[in-house]
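Working notes for the structure below.
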Amino acid sequence: MYSMARELGPYRIRVNTVLPGWMWGPPVQAYVRFTAHSEGVPEPEVLGRLTERVALPELATDGDVAEAVTFLASDRARAITGQSLLVNAGELMR
């Protein structure tokens, strides 16, 4: 990403990455269901284990990631290139 940003910058092409963490959606819902069933615990307990690791009280969604991508692709981010944006509800802050 860094080398592409430098190489394509003179052409006003921006290169950034969006790094999602755990995202609430069908794969994580299936994980929560399966784990709860396997361990014989309620689904909210398994979900709680995931959300206790993040700063915000819920997991990011695919819509949250899409919003970040939309922002980076917009003219509002015209001076942003060579950056990585974590969309993970604060998961990697610790």
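Note that the structure is a prediction, hence the values are computed from the model and not measured.
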Could you work out, with salt bridge (Lys or Arg N to Asp or Glu O under 4.0 Å) as the rule, every residue matching R33, not counting sequence neighbours?
none
Test of understanding: clusters of I, L, V, M, F, W, Y form through side-chain heavy atoms closer than 4.5 Å, transitively. Do [X] and [Y] belong to the same one?
X	Y	result
L86	V18	no
F34	V46	no
V87	L19	no
V65	W22	no
I80	L8	no

Short question: side chain of [X], backbone of [Y] - any donor-acceptor pair under 3.5 Å?
X	Y	answer
D75	R78	no
R14	L72	yes
T61	W24	no
S74	F71	yes
N16	Q83	yes
E45	E43	no

Euclidean distance, [Y] [atom2] relative to [X] [atom1], rounded to 0.5 Å:
X	Y	atom1	atom2	answer
N88	M23	CG	CE	11.5 Å
Y31	S38	OH	OG	9.5 Å
L47	L59	CG	CG	6.0 Å
T51	E91	OG1	CD	11.0 Å
T70	R76	OG1	CZ	8.5 Å

Show the nearest heavy-atom pair for residues A60 and A89, with the distance to one decimal.
N-CB, 4.2 Å
Above 12 or not: heavy atoms from other molecules or residues under 6.0 Å from [atom1] of [X]?
X	atom1	value
Q29	CD	yes
R49	CZ	yes
M1	CE	yes

